[in-house]
Amino acid sequence: MSEIIRLSASELGERIAAGDISSVEATRAHLDRIAAVDGAVHAFLHVDGERALATASELDRRRAAGEPFGPLAGVPIAIKDVLVTEGMPSTAGSRILEGWIPPYDATPVRRVREAGLVPLGKTNMDEFAMGSSTEHSAYGPTHNPWDLDRIPGGSGGGSAASVAAFEAPLALGSDTGGSIRQPAHVTGTVGVKPTYGGVSRYGSIALASSLDQIGPVTRTVLDAALLHDVIGGHDPLDSTSIPEAWPSMAEAVRRADVAGLRIGVVKQLDAEGFQRGVRTRFHEALELLERNGAEIVEVDAPHFEYAIAAYYLILPAEASSNLAKFDSVRFGLRVTPDGGGTVEQVMAATREAGFGPEVKRRIILGTYALSAGYYDAYYGSAQKVRTLVQRDFDAAFANVDVLATPTAPTTAFKLGEKLDDPMSMYLNDVATIPANLAGVPGISVPAGLAPEDGLPVGIQFLAPARQDARLYNVGAALEQLLLAEWGRPLLDLAPDLSRHELTATEEGAL
Ligand code: GLN
């Protein structure tokens, strides 16, 4: 494996800025890696090597001409297919958008381009970001680089797997109920859901507009912070974008220190139903932080247990409305019934063929929850629960600086295990959903491997809205302490995927 792809994004950026490695070399190394392992991992739906190399060579020319170079300039990046990209397919994992080429870039994509990053392609995801395993992608699942028979998390399994498999040093994801943090947890990577309004949603194919946030997926906390600094900040094109200036997240990483930090452990999310090894690593991480000056206190969040129920009404309600725009006229697929049909018949045939079962399930649920007779009973009640969850956070943050939970209840489960059981799939989000309901930021940082199955476990930290820097502080501090203990990054322990470099026949069998 080329040494270049093992570098963190910040190291790679430094070497590129110093003229040690060219952006073309860095881009080619990652494209080679994709060619070698993505047949087995299937993190990408679309790779545009030619355009990536052209961008990289232009950047090399600009660097040689002495133009100012940011910390991530020249570094390749993978982009979740939920973000629209000018001239590059953007399907959100759905057949209904197959063949659609957007005429513009989403704001986070535009910002990464302006910062000199090099988009490699688009990553796989559950259709319209609905799911926790990437198995709801219309284009087949992504495989977890730690064990190819297991899920890489979802909905952003492609982004997390691409980073864990060293196909890209950085990726962008979207998190509506955990789709950045849960994939990070099961792949041994770092994932951040920023404060609602902290990163523009302009050009993100909306799932649930009051919950969606775009954020970084990386191998180190510093890399996440550097990427957050690139994509974050006010955007007049998103009416929910927070207008104030933000502190530098990378600065928070550089000054990381947990002395005196009060960390609240949410009682309801440190419970029996969680896998034993997940809790073991969680408690070890907390003890490590405590030994280094943090204060650990128990926190009660009584309404968190209703968060999933509220979320699975609010999300389908918003999704059913957002997905109404896929009407066979404006984007992608159009299916005309045999012998023709009315506009309504074409629309119905297109939606029937273009949406997968999970999307249909949620559209039906959401339409029902919003119907006149049931609106108050379902949507109205869910919104009240949402307020109660927000108040739990307010009460907790009156006493502590950050909250800590395991990121998800179990390590990566087997592909297929939960596919026919939507309820058990939904339960995966128990620890991540409260943050989306309240709009607060969260980070998942690798905490080690579960002793019983040797698979990655993440610890989640949550902070008050707009205090994203606190997450980078505690996340970086823990990362440093664990690195000192382990002697090497967790991902060094992941299997060497080069043995999976596939022959054409094997690839056909996947
Ligand atoms: N797993 C959650 C869901 O299915 C989260 C999705 C997301 O964050 N996009 O809705």
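Read the numbers this way: they start at 1 and go in the same order the structure lists the ligands and their atoms. The residues of the chain are indexed from 1 along the displayed sequence.
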**Asked** For Phe44, is the NZ or CZ atom of Lys122 found under 6.0 angstrom from the centre of its six-membered ring and inside 45 degrees of the ring axis?
**Response** no
**Complete:** For Ser209, the side-chain hydrogen bond (donor to acceptor under 3.5 Å, both in side chains) test, sequence neighbours excluded, returns Asn322
**Request:** Using side-chain hydrogen bond (donor to acceptor under 3.5 Å, both in side chains) as the criterion, list what pairs up with Asn144, not counting sequence neighbours.
**Result:** none
**Prompt:** Which class fits the ring pair His303 and Tyr306: parallel under 30°, tilted 30 to 60°, perpendicular over 60°?
**Reply:** tilted
**Prompt:** Taking the six-membered ring for Trp, are Phe355 and Phe326 parallel (under 30°), tilted (30 to 60°) or perpendicular (over 60°)?
**Reply:** perpendicular
**Request:** Anything with a heavy atom under 4.0 Å from ligand 1 counts, so go ahead and list those protein residues by chain and number.
**Result:** Ala129, Met130, Gly131, Ser132, Ser155, Asp175, Thr176, Gly177, Gly178, Ser179, Leu207, Tyr311, Tyr312, Leu315, Arg362, Asp429
**Message:** Checking Ala408 now: which residues fulfil side chain to side chain contact (heavy atoms under 4.5 Å, CB included) with it, not counting sequence neighbours?
**Reply:** Gln182, His185, Asn428
